[in-house]
Protein chains: 2
Amino acid sequence: MSVTDQIIEAGQTVFVVDDDLSARESLCWLLNTEDIASRAFASAESFLDHWNPDLTGCITVDIRMPGKSGLQLQEELNARHNLMPVIVLTGHADVPVAIRAMKLGAYDFLEKPYSDDELLACVKNALALSREIDHAEIEISRLARALENLTDREREVMCLVVEGNTNKAIGVQLGISEKTVEIHRARVMEKTAARSLSELVRICLILKDKI
Amino acid sequence: MSVTDQIIEAGQTVFVVDDDLSARESLCWLLNTEDIASRAFASAESFLDHWNPDLTGCITVDIRMPGKSGLQLQEELNARHNLMPVIVLTGHADVPVAIRAMKLGAYDFLEKPYSDDELLACVKNALALSREIDHAEIEISRLARALENLTDREREVMCLVVEGNTNKAIGVQLGISEKTVEIHRARVMEKTAARSLSELVRICLILKDKI
DNA sequence: GCTGACATAGGGGTATTCCCTTATTATAAT
DNA sequence: ATTATAATAAGGGAATACCCCTATGTCAGC
């Protein structure tokens, strides 16, 4: 990976996916005039090759492309739990396609020809949203890493604690001494850096689908 | 209110909003063949007059209508925190309108002429979603009522408890005795029917925007 | 065989919570 | 005036949580 790549990936980038070279060039040029980093891809496949969960910014896609269409790209990105907003830009729009794109979670849908201002406003809003999503995601992954460091027993005790059980009840339920529960519980608080039971409950609620 | 109205409002109903009489009649007839209750309105205004937060089911709206348009109806319903899914049915669709409708939270967007099967599938899915929303909402309003019965002081203490403070710290913060905090706290647990601190934390997180 | 991680468990002490009782004061409603 | 509600506070005790310490057994990996 080159130094340039690292700089691009460190900040927000607009990933332009369009099979039409002149469309890519004019869009990247427009973004450049506003000091917005961009990177162009001539197909859904080439962007998917480049895609990774740590990219940040937003994506613009054309619908009609040789190979995977823009909608298929959306589907694949959804399957990969992509967090970047997707803006659909297309000259060949009809209502059913627009609806499908929106149902697939498109952030917005612009018909060519669109005005520069319209597109820039849309991209800037998408980048702002991306920033918010990233901040939330950083916190979530920090907590997720903490939970991954728990042993199975600690996780088990944590769940029972969060459900509102006392150490004594947990001991009975797991067939171990209250003292041992106490130790597991203390380790959970230490590893998750939770400073109170309510903080632990909040952590578990945020990550309830990842435990 | 007639007995018929009560029966209609007790269960799920499809609220058909369309200025075209024959469109209303054919849609209600179709729904009737599937034993789905429906009620027709000739304008956005007349439906809004009838609307109340306790209605359950889904809504179908045409876009182009004299008076308030379908999109304006969506805006007004959103302002009133309507929970029923809105299905947009229109014969005069263009992409920008479809996108606006979806951004306003439309559940689906069907162009006339649509097939009966297509519409029925859409309505049935919307009704299933409505059922889920209602179940969640019943629980939320039950909890909200409980929180409304709290006194100001109890609510204040509850928030500090949920933030992870000890009774002693809360007493210092509010300038009252730890003993008094203890009493407020006990009343909070009693009124919210929370059987543990973790349950109280969960209740507060669910209602965090309503406290 | 040794080390490290993990689960187990007890002793002992302090802090905190939870539950009972009683009591005073203020304010609002009847 | 009387009643009801809310906020205040204290004493006392049981249960629980939290903190220190030591200690044993297992099991994987070197």
Side-chain angles (χ1 to χ4, degrees), chain A residues 141-208 210-211, chain B residues 141-208 210-211:
Chain A
S141 63
R142 196 183 61 77
L143 295 175
R145 272 196 304 278
L147 287 205
E148 277 166 17
N149 284 332
L150 296 178
T151 67
D152 289 347
R153 202 51 150 174
E154 284 162 357
R155 208 182 321 275
E156 206 170 358
V157 169
M158 179 184 70
C159 290
L160 292 169
V161 166
V162 167
E163 283 170 18
N165 299 99
T166 64
N167 289 346
K168 183 183 288 184
I170 296 170
V172 172
Q173 208 163 327
L174 297 180
I176 58 180
S177 140
E178 190 182 338
K179 270 293 182 189
T180 308
V181 176
E182 218 175 280
I183 292 171
H184 290 315
R185 182 174 184 155
R187 285 225 181 288
V188 168
M189 299 301 283
E190 185 191 339
K191 288 184 179 180
T192 60
R195 281 167 309 180
S196 64
L197 174 56
S198 37
E199 207 170 323
L200 185 67
V201 173
R202 280 193 293 272
I203 290 172
C204 287
L205 278 182
I206 291 173
L207 299 176
K208 61 176 177 293
K210 302 188 178 180
I211 297 174
Chain B
S141 62
R142 196 183 61 78
L143 296 175
R145 271 195 305 277
L147 288 204
E148 276 166 17
N149 283 332
L150 297 178
T151 66
D152 290 346
R153 201 52 148 175
E154 285 162 358
R155 206 183 321 277
E156 205 170 0
V157 168
M158 178 184 71
C159 289
L160 291 169
V161 166
V162 167
E163 283 170 17
N165 299 98
T166 64
N167 290 346
K168 183 183 288 184
I170 295 170
V172 172
Q173 208 162 328
L174 298 181
I176 59 179
S177 141
E178 190 181 341
K179 273 293 178 185
T180 308
V181 175
E182 222 175 275
I183 292 171
H184 290 314
R185 182 174 183 155
R187 285 227 182 289
V188 167
M189 298 301 282
E190 186 191 340
K191 289 185 179 178
T192 61
R195 280 167 311 182
S196 64
L197 174 57
S198 36
E199 208 171 320
L200 185 66
V201 173
R202 280 194 294 273
I203 290 172
C204 286
L205 278 182
I206 291 172
L207 298 176
K208 60 176 177 295
K210 301 187 180 182
I211 299 175

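Please read these numbers as outputs of a predicted model, since none were measured by experiment. Chain letters run A, B, ... following the sequence lines, proteins first and then strands; every chain starts at 1.
- Between A:Gly164 and B:Ser196 the shortest heavy-atom distance is CA-OG, 3.5 Å.
- Across all strands, A:Thr180 comes closer than 4.0 Å to base atoms (heavy-atom distances).
- Atom CD1 of B:Ile183 is separated from atom C1' of D:dA10 by 9 Å (rounded to the nearest Å).
- Interatomic distance, CZ of A:Arg187 versus CG of A:Leu150, reported as 11.0 Å (0.5 Å rounding).
- The distance between atom CG of B:Asn167 and atom P of D:dA15, rounded to the nearest whole Å, is 19 Å.
- Rounded to 10 degrees, the angle separating the terminal helix axes of the helix from C:dG1-D:dC30 to C:dT30-D:dA1, each built from five base pairs, is 40°.
- Residues A:Val161 and A:Val188 form no side-chain contact, since every pair of their non-hydrogen atoms from C-beta on lies 4.5 Å or further apart.
- With rounding to whole Å, B:Glu182 atom CD is found 12 Å from D:dG13 atom C1'.
- Taking 4.5 Å as the limit, every side-chain heavy atom of B:Arg145 sits out of range of all side-chain heavy atoms of B:Asn149.
- Of the candidates D:dT16, D:dT8, D:dA10, D:dT8 carries the atom nearest the B:His184 side chain, counting heavy atoms from C-beta on.
- Contact footprint of chain A on DNA chain C: nucleotides with an atom under 4.0 Å from a non-hydrogen protein atom, first to last in 5' to 3' order, C:dC6 to C:dG12.
- Look at CZ on B:Arg187: it is 9 Å from C1' on D:dA6, rounded to the nearest Å.
- Atom OG1 of B:Thr151 and atom CZ of B:Arg153 lie 9.0 Å apart (nearest 0.5 Å).
- Here D:dT8 presents its P atom at 4 Å from CD1 of B:Ile176, a figure rounded to the nearest Å.
- Under the 3.5 Å distance criterion, the side-chain polar atoms of A:Lys210 are left unmatched by any main-chain donor or acceptor of A:Ala144.
- The interatomic distance linking A:Leu197 (CG) with D:dA17 (C1') rounds to 10 Å, in whole Å.
- Once rounded to the nearest 0.5 Å, the distance linking CE of B:Met158 with CD1 of B:Ile203 reads 8.5 Å.
- Nearest-nucleotide assignment on DNA chain D puts the 5′-proximal partner with A:Lys168, out of A:Lys168 and A:Ala186.
- In this structure, CG of A:Asn165 is placed 12 Å from P of D:dT16, rounded to the nearest angstrom.
- In this structure, A:Glu163 and A:Leu160 have side chains that are in contact, with non-hydrogen atoms separated by less than 4.5 Å.
- B:Thr192 places a side-chain heavy atom less than 4.5 Å from the side chain of B:Leu147.
- Rounded to whole Å, the distance from CG on B:Leu150 to P on D:dA6 is 10 Å.
- Within the nucleic acid shown, A:Glu178 has no heavy atom closer than 4.0 Å to any nucleic acid atom.
- Contact annotation: A:Arg185 reaches the phosphate of D:dC18 (side-chain N/O to OP1 or OP2, under 4.0 Å).
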